[in-house]
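What follows is a set of notes on a single structure, which appears directly below.
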Amino acid sequence: MKSLLSFLMVVSLLFACGGGNQNNSNTNANSITLKGSDTVLPLGQKTSEAFMATNKDVSIAVVGGGSGTGVTALMDGNTDIAMSSRDLKSDEKLKFQEKQMNIEVITLAVDALAVVINPKNAVTKLTREQLEGIFTGSITNWKEVGGEDLSIVVYSRENSSGTYEFFKEHVMDKKNYASTVLNMPATGAIVQSIGQTPGAIGYIGLAYMTPEVKSIEVSYDQGATFVAPSMETAKNKSYPISRPLYYIYDVKKSEKVKAYIDFTLSEAGQKLVEEVGYIPLTKN
Amino acid sequence: MKHFVEKIIEFIIKGCGFISAVIVLLIVFFLFREGVLFINSSPLEDHHALFIHKDNSVNDLTETQIKNIFDKKITNWKELGAFDQKITLISADEIDELFTETQLGKNFEYLSVCVNHYMDTVPGTIAYFSEKHLSLTPGIKQISIQKISLWKFLSGKEWFPTAKPAAIMGTLPLLMGTLLVSLLAILIALPLGLAAAVYLAEIADERVRKILKPIIELLSGIPSVVYGFFGLVIIVPFIQSFFNLPVGETALAGSILLAIMALPTIITVSEDAIRTCPLAIKEASLALGASHWQTIFKVIIPYASSGITAAAILGIGRAVGETMAVLMVTGNAALLPTSLTQPVRTIPATIAAELGEAPFGGLHFKSLFALGCMLFLITLITNLMVERISKKSKLN
């Protein structure tokens, strides 16, 4: 008898849990979904938290997964706003046009990628062509670019990351990475590895700079001018390896998302941008 | 009443067994459905194709040739046995650089005209476009590209699943990397673990055992990310300076870390097996005049052999399937391993690293499921092998 009772209790508990879940799935009419780039993710989270604090009737869900995932979700109507760390590709534009969707692309911040090496390395500057050679595997020793006789160890992000794609497109002239490149799962691991490997080189977001690694100056005009990555040079656009971060949405849904996007672009929102470690938009 | 309760409990237990078996089968079915669908698909994006001028004698290209063309390593059609003409690349990504908006039309309605005209005037062009957006004129032909065959998937030496326009999916380096890392890990962990188990079960006195065993079991409770970070901060720099290598993220680092992670399983399971050896058998051996060591090696270990094989299987399982820690210390360069002090990329690490951002349902996504199938088969084969070996040793 006792066992039967306890059995019944367990069953009723299980049902109680199920009931609870159903209540949760009751969706709010004012809910916005953000999906896409993992680079934009911390920014999306921070701004939506601040926005929800003042607008109690709105709920915002922020999901990562990569820029491509976000854009695809927007195309399929699975998200209200796509977060992207790159501009729309022409073929994506073609697909939107095919679906007869009018979309709006909003720049909300700028992110700069710093090329970093081990602090013991004497090299201080590289041209884009040299970087291309290093990452595609045609330059394998530091002495070829004015350093000491030491083999180059190249670190990169995983091949499905938006940062990986951005670097490939804007630094490596769309050429593929060498297969000897070491792929690290996270920016933290890249910093750690470069800090302890004398011949290492890699790229990280400016927000992730630490004293364990040294950033180098880069030149996009065959060595005429070299620019070091910093908040300043990224803001005045003299640092070449920087990229805007975007929110993309369907114009049909602009009423729903407008208030939130306006908040992100407002002074308070841009302050949060700086807090997260990205470069706020300069007022024109 | 009692009878009724027993019936219910029996029913529930039966049901649980049945449900878990069905779930396992469903997962395997799902894995293979996704993975098998991948074989024989085209390495290009859906509905996309490569186009060239009709006068070009090239008819088909391999993925590697396409990669070399788009990496600008092959710059002239002559190198592919066709006419002497410089290769020019155009793709949907670059149309706004080549043509003005008025040329293309507001909704890209003149795209076909522009591209066709461009290809007519520059005969060395190779164009990468969606078939939907391009209606062909007779002067242009489509290149045929081999489908991804099972053989190519297994024997290809390059892993570039996100290469544009054609993905390159050769899993040989990943397979060899996985086998190398887990084999070495088990070679380190098995003797060490077995020795520790014999020590704990037979030699250590009760007090030491009571302290040591919980500590060893504690090791299996540490999350693998923590192991990974430990490996990255301690083992990797050590290997780098000890062997004087340019880089410390190597197959060896992965193996050592995996060996540490597999140890608790191996020790606990084989110690339990050794302790099940009946006292009567041990006493009989000692009574016959065998020393303690002889008893351990000739009587106790053979008696516990099936338990020890089970420990080995569990250890191998842990080593083959481990993702996060390996992901952090092996460097993940998809190279065919030629030595232990070289970066490698394993199958589980590849799946873990890439699944998150591979577009759902796409080619890359499916290829990762195919990798999952491979991993499943590897574990299945080791299990079968070990079972067979343990059966044989029992017959003797």
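Bear in mind the structure is a predicted one, so any value in this text is a computation, not a measurement. Atoms considered below: every heavy atom in the structure, side chains included; atoms not considered: hydrogens, waters and symmetry mates. So that the names make sense, note that chain A is the first sequence line, chain B the second, and so on, each numbered from 1.
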What distance separates [X] [atom1] from [Y] [atom2], expressed to the nearest 0.5 Å?
X	Y	atom1	atom2	value
B:Gln240	A:Thr197	CD	OG1	4.0 Å
A:Ser179	B:Trp159	OG	CH2	13.5 Å
B:Lys73	A:Thr136	NZ	OG1	7.0 Å
B:Leu327	A:Asn183	CG	CG	9.5 Å

May I ask you to test the A:Tyr177-B:Thr162 pair for a side-chain heavy-atom distance under 4.5 Å?
-> no
Does any non-hydrogen side-chain atom of B:Asn332 lie less than 4.5 Å from one of A:Leu182?
-> no
Begin from the C-alpha positions of A:Ser193 and B:Leu232 and carry the test side chain to side chain contact (heavy atoms under 4.5 Å, CB included) through to its verdict.
-> CA-CA 7 Å; A:Ser193 296; B:Leu232 192 60; 3.6 Å; yes
Which region of [X], side chain (C-beta onward) or backbone (N, CA, C, O), has a non-hydrogen atom less than 4.5 Å from a non-hydrogen atom of chain A, or is it both or neither?
X	answer
B:Pro343	side chain
B:Ala334	backbone
B:Glu249	both

N-O pairing of A:Glu158 and B:Arg345 below 4.0 Å | yes
Are B:Asp71 and A:Lys174 close enough for a salt bridge, meaning some N to O gap below 4.0 Å?
-> no
What part of A:Val153 lies closer than 4.5 angstrom to a heavy atom of chain B: side chain, backbone, both or neither?
-> side chain
